[in-house]
Undergrad: 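Quick one: the structure is below, and I'll ask about it shortly.
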Amino acid sequence: MTDAAHDTHRPTGDGPAGPPGDDPLPRRVPVFAVVGLALLMFSLDGTSVATALTTISGDLGADLAWTGWVVTVAAVGQILALPLGGWLSDRFGGRRMFLAGVTVFTVMSGLSALSPSIGVLIACRLVQGLAGGVMLPAANGIVAHQFGRDRDRALALFTSVFPIGAILGPLVGGLVLTTWTWHGIFLVNVPIGILLVAVGLALVDDPPHRRTARIDAVGIALLVATLLATMLTITRLGSPGSGPGWTVLAGVVALTAGAVFVRHARRRPDAVVPVHLLAGRGLGIMNVTNVVFGAVVIGFSATLPLYAQVRYDLPAFVAGALLTGRAIGTIVTSAAAVALLRRLGFRPLLLGGLVAVVAGLVVTAVAPPFGGPTVWLLAGSTLLGLGTGLSGPAANNAGMHLVPDEVAAVSGLRIMFRQMGGIAAVSVLTAAVTAADDPGVAAGIAYGVLAVALAAVGLAAARIPNRRGRW
């Protein structure tokens with residue numbers, strides 16, 4: 001989120017949000033549709049490819065542990081570009097960076113479809129993630145600028161687009177894979193991206209520019225080195241025949257880069273991850289909650305189709321369609337959560353949603369005691385969707401209430417921590433599926449571990465003071 005949106009989330013009690021004259025702009029609805037569709041395209045692409053992991057693995061001759069990078073490396077690119085995206089929007093304009101992000105994403109989608117090897121595909125996906133990370137802060141700034149004093153509700157609705165797309169992605173991917181080929185999963189983005197650029201040029205106005213701060217290039221490099229080395233370590237542990245020497249080296253690099261990153265963040269006041277936002281005033285609990293929540297939301301969406309295929313031999317389309325229940329549940333409860341946030345505060349919605357998410361994970365992890373696996377997994381998916389819709393908007397607003405004067409930084413950290421959790425979940429689960437004698441049972445155990453972790457952070461989050469009112 002850009003600094004243009006920063007000043008708009010400060011608490012104002014029950015009165016109107018924002019300064020006098022901060023009126024919504026006339027074209028806010030069509031502009032919201034444009035940026036929302038761009039976010040939906042990015043979100044759908046991130047998880048629709050999950051249904052094709054086994055197909056891509058066989059077609060390109062790579063094992064599942066390495067093929068999982070097709071999902072996770074895009075998240076790494078997004079994490080790398082998020083802090084740059086806000087800076088670039090302030091420097092060159094949110095409209096320009098939004099259109100540039102959509103353009104690059106569209107071009108990389110076409111190149112991903114033409115990839116002849118897993119290495120080329122992973123490289124294209126990394127650039128796609130970079131484009132999405134540049135686009136997201138600009139899109140948030142555009143929405144905040146268009147909706148004026150109503151930006152709090154508009155941004156809450158806007159952030160709900162991403163999890164909805166993440167849920168629908170496997171369904172779309174399964175349909176494309178069944179009727180076409182895995183290349184088509186990327187090709188469908190090309191006409192949509194071209195349309196978005198054309199309409200965006202005509203409709204989207206540039207939000208006000210703000211003074212640009214310095215970029216913590218060293219911190220970003222250390223963070224990416226830590227993430228990539230950790231992913232490489234997990235992948236090599238899950239790849240049959242990997243030599244221990246390179247695995248140990250990757251682990252040492254990950255630990256070293258992580259330690260240097262923490263030391264660097266403590267010394268630099270404008271670090272990409274500000275140390276004072278990592279702990280204190282409930283922020284530490286919320287950061288851990290976002291990591292585990294991201295592991296569940298992103299990891300579940302990206303791996304449930306794979307889980308359904310390796311444990312129950314379900315077809316790709318059926319495996320992707322399992323998330324239909326979650327999509328409907330999330331859409332219904334997220335709308336209710338946005339409406340109830342000001343009345344109830346974030347804590348009741350967060351805790352109630354987490355209970356439902358844990359129940360959904362448990363149902364998914366265990367074998368069906370009766371009936372077929374399709375209905376059983378659909379029930380688990382629906383439970384998880386209902387909980388995600390309640391807890392997602394609440395978790396988005398929790399950090400804003402805790403640190404009202406640093407909303408932009410907290411919003412960026414929230415996205416980053418959720419992506420880190422998703423990267424860890426997808427990397428570990430695909431590695432476990434590759435290395436285990438019984439891949440389906442191994443994946444079920446991983447879902448059970450996620451349920452326990454989420455229940456633990458939910459108990460900790462219950463200690464955060466609740467806040468009500470308009471922001």
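Values reported hereafter were calculated over all heavy atoms of this structure, with side chains retained and with hydrogens, waters and symmetry mates removed.
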Undergrad: Test your reading of the model: is there a side-chain donor-acceptor pair from S381 to the backbone of L322, 3.5 Å cut-off?
TA: yes
Undergrad: Check whether N290 reaches the backbone of M286 with its side chain - one donor and one acceptor, N or O, closer than 3.5 Å.
TA: yes
Undergrad: Output, in order, the C-alpha distance, side-chain angles, deciding distance and verdict of side chain to side chain contact (heavy atoms under 4.5 Å, CB included) for V49 and D45.
TA: CA-CA 7 Å; V49 70; D45 179 87; over 6 Å; no
Undergrad: For S57 and A62, indicate whether the former's side chain and the latter's backbone hold a donor-acceptor pair under 3.5 Å.
TA: yes
Undergrad: When rounded to the nearest 0.5 angstrom, what distance separates CZ in F186 from SG in C124?
TA: 9.0 Å
Undergrad: To the nearest 0.5 Å, tell me how far L350 CG sits from L344 CG.
TA: 12.5 Å
Undergrad: If you take all heavy atoms of A461 and T289, which pair is closest and at what distance?
TA: CB-OG1, 4.2 Å
Undergrad: State whether the side chain of R125 and the backbone N or O of A74 hold a donor-acceptor pair below 3.5 Å, judged by distance alone.
TA: no
Undergrad: Can you name the closest pair of heavy atoms from L450 and A295 and give their distance?
TA: CD2-CB, 3.8 Å
Undergrad: Between T226 (side chain) and G258 (backbone), is there a donor-acceptor pair under 3.5 Å?
TA: yes
Undergrad: About how many Å separate CG of L39 and CG of L136, when rounded to the nearest 0.5 Å?
TA: 6.0 Å
Undergrad: What are the two closest heavy atoms between M135 and G101, and how far apart are they?
TA: CB-CA, 4.4 Å
Undergrad: Taking distance alone, no hydrogens or angles, what donor-acceptor pairs closer than 3.5 Å link side-chain atoms of residues 358-377 to residues at least two apart or in another chain?
TA:
residue: T364; atom: OG1; partner: G360; partner atom: O; Å: 2.8
residue: W376; atom: NE1; partner: V363; partner atom: O; Å: 2.7
residue: W376; atom: NE1; partner: V366; partner atom: O; Å: 3.1

Undergrad: Are the side chain of T333 and the backbone N or O of L386 linked by a donor-acceptor pair below 3.5 Å?
TA: yes
Undergrad: Would you say that L304 contacts Y307 through its side chain, given a criterion of any heavy-atom pair below 4.5 Å between the two side chains?
TA: yes
Undergrad: Of all the heavy-atom pairs spanning V357 and S391, show the shortest one and how long it is.
TA: CG2-OG, 4.4 Å
Undergrad: Does any part of the side chain of M108, heavy atoms only, come nearer than 4.5 Å to the side chain of L130, both counted from C-beta?
TA: no
Undergrad: Identify the two heavy atoms, one from W182 and one from A52, that lie closest to each other, and give their separation to 0.1 Å.
TA: CB-CB, 3.9 Å
Undergrad: What's the separation between atom CD1 in I56 and atom CD1 in I118, rounded to the nearest 0.5 Å?
TA: 6.5 Å
Undergrad: Using side-chain heavy atoms (C-beta onward) and a distance below 4.5 Å, is L60 in contact with S117?
TA: no
Undergrad: Quick check: do Q128 and L111 have side-chain heavy atoms less than 4.5 Å from each other?
TA: no
Undergrad: Mind checking ring-ring contact (aromatic ring centres under 6.0 Å, His included) for F300 and listing every partner two or more places apart, or none if nothing turns up?
TA: Y447
Undergrad: Could you state the interatomic distance from CG (L351) to CG (L390), rounded to the nearest 0.5 Å?
TA: 11.0 Å
Undergrad: Taking the side chain from T256 and the backbone from V253, do they hold a donor-acceptor pair closer than 3.5 Å?
TA: no
Undergrad: What heavy-atom pair brings A139 and V35 nearest, and what distance separates the two atoms?
TA: CB-CB, 4.3 Å
Undergrad: Looking at CG of L354 and CZ of F293, how far apart are the two atoms once the value is rounded to the nearest 0.5 Å?
TA: 7.0 Å
Undergrad: I need the full list of salt bridge (charged side-chain N to carboxylate O under 4.0 Å, His left out) pairs touching residues 311-321, with sequence neighbours left out, sorted by first then second residue.
TA: none
Undergrad: Does any part of the side chain of L196, heavy atoms only, come nearer than 4.5 Å to the side chain of M41, both counted from C-beta?
TA: yes
Undergrad: For a 4.5 angstrom cut-off between non-hydrogen side-chain atoms, does L126 reach I122?
TA: no
